[in-house]
Amino acid sequence: MLKRIDLGRNYRNHREEYLQAIEKVCEETAFSGGKFADQFDKEFAAYIGVKAASGVDNGTSALQLAMLALGVGEGDEVIVPANTYIASAWGPTYTGATPVFVDCTGDTWEIDPDRIEERITERTKAIIGVHLYGQPFDFGRVKEIADRHGLYIVEDCAQSHGARYEGKMTGGLGDIGCFSFYPGKNLYAFGEAGSVVSNREDYIDAVNTWKNQGCKIRYYHDVVGYNMRMEGIQGAVLSVSLKYLDDWTKRRQEIGWRYIREIKNPLITMQAHPENTEPVFHLFVVTTPEAEKFLEYMAGKGIECHRHYPVPCHLQKAYAYLGYRKGDCPNAEYLAEHCVTLPMFPEMTEEEVKMVIAACNAYTFGK
Ligand SMILES: *Cc1c(COP(=O)(O)O)cnc(C)c1O
């Protein structure tokens with residue numbers, strides 16, 4: 001069975017280097033925060049092209065800390081796309097703000113700029129834009145709207161490490177960028193980790209305080225903070241992986257563009273990739289009239305697929321209290337019902353890529 005993603009292959013390719021990096025952390029017992037986490041912050045900020053980065057315990061915390069750094073909380077509203085992983089909305093929710101869900105477009109499946117303004121009120125403080133599946137959202141149009149209404153833009157880059165919009169790396173486009181290094185993301189830790197990046201050093205200073213029990217000076221607590229520091233082992237592993245990220249991205253892009261060119265089946269619809277963007281193909285999501293049938297068919301061909309994501313945020317039970325209904329975000333709802341994720345990871349062999357393409361082209365069920 002070809003797995004949708006096979007992290008074991010990556011580990012075995014770089015095993016010695018990873019183990020040496022971990023060994024060093026153990027030798028120096030720099031386990032929580034500390035020199036290896038700090039070193040990765042510097043490298044990651046340089047990679048994204050921002051002034052500063054703050055390593056944290058996961059991507060969900062990164063989004064929460066971004067809200068705290070911007071002072072978004074009780075009584076505020078934050079625009080979030082309906083088609084995303086639920087954690088995009090947790091950040092504002094945790095700080096007491098209300099996520100306001102906006103539909104995606106019918107072709108890029110990213111937040112629809114035409115649907116944002118109708119949801120802005122005097123309480124709106126920020127827009128969380130998600131570069132979903134590694135495809136940058138329409139930052140230019142979102143920025144225009146944000147500027148007109150005096151709103152912050154937080155980029156959820158959990159799926160877009162290295163993706164570019166008009167030549168610029170995602171993460172440094174808005175006020176704050178939030179990354180996840182969850183295993184399986186394009187750049188990932190050996191456990192949980194994330195990062196908050198910004199060109200505003202005061203935001204990163206604030207994140208550093210919030211994530212570190214609310215103190216700048218040890219044992220002097222300025223705010224009721226959190227323990228959301230990055231672990232040293234994760235920093236050391238990430239420093240190893242960051243050196244290879246561009247190679248991995250290149251391979252993902254090779255596979256992604258081949259899928260796009262060579263899968264020709266009217267039953268399979270691809271995401272649109274506008275010319276001013278460079279996607280990094282974190283997930284290769286397509287839609288098909290009968291997603292479950294397609295999933296079974298692919299499994300029968302020895303290919304594991306998946307569904308990202310079967311329920312849009314606005315219809316999740318957790319957000320029932322917000323009172324959304326079916327029909328509120330039709331494009332996101334269509335996607336949830338019809339999406340299928342094809343295998344996509346840098347270590348896929350040529351034979352495996354060909355096998356996926358051939359299976360997709362031979363698919364004839366459904367309508
Ligand atoms: C993975 C992910 C997150 C959350 O990151 P964790 O590290 O798992 O907490 C947030 N947003 C999106 C879009 C994600 O894919």
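Quick note: numbers below take in every heavy atom, side chains included, and nothing from hydrogens, waters or symmetry partners. In each ligand, atom 1 is the first atom listed, and ligand 1 is the first ligand listed.
Legend: ring pair (Phe, Tyr, Trp, His ring centres under 6.0 Å) pairs involving residues 29-86, not counting sequence neighbours, sorted by first then second residue: Phe40-Phe44, Phe40-Phe181, Phe44-Phe179, Phe44-Phe181, Tyr85-Tyr309. Counting only residues at least two apart or on different chains, no ring pair (Phe, Tyr, Trp, His ring centres under 6.0 Å) pair has a member in residues 61-80.
A donor and an acceptor atom, one from each side chain of Tyr319 and Thr93, are located under 3.5 Å apart. Under 3.5 Å, the side chains of Asp246 and Thr249 contain no donor-acceptor pair of N or O atoms. No hydrogens or angles considered: a donor-acceptor pair under 3.5 Å links the side chains of Asn10 and Tyr188.
In the vicinity of Ser88, heavy-atom distances shorter than 4.0 Å reach the ligand 1 atoms 11 (N), 13 (C). The atoms of ligand 1 that sit less than 4.0 Å from any heavy atom of Asn58 are 7 (O), 9 (O). The ligand atoms of ligand 1 that sit less than 4.0 angstrom from a heavy atom of Thr84 are 13 (C). Taking every heavy atom of Gly59 and a limit of under 4.0 angstrom, the matching atoms of ligand 1 come to 5 (O), 6 (P), 7 (O), 9 (O). Which parts of ligand 1 touch Ala87 is read off a 4.0 Å heavy-atom cut-off, strictly below it: atoms 3 (C), 4 (C), 10 (C).
With respect to Arg307 and Glu292, a salt bridge is recorded, a charged nitrogen being found less than 4.0 Å from a carboxylate O.
Comparing Thr60, Val56, Asp57 by heavy-atom distance to atom 4 (C) of ligand 1, the nearest is Thr60.
Residue, atom and distance of the protein heavy atom nearest to atom 2 (C) of ligand 1 are Lys185 NZ, 2.7 Å. Scanning the protein heavy atoms around atom 11 (N) of ligand 1, the nearest turns out to be Asp156 OD2, 2.8 Å.
Using a 4.0 Å heavy-atom cutoff, His282 is absent from the residues neighbouring ligand 1.
The shortest N or O to N or O distance between Tyr182 and ligand 1 is not below 3.5 Å.
Aromatic pair Tyr133/His282: centroids not less than 6.0 angstrom apart.
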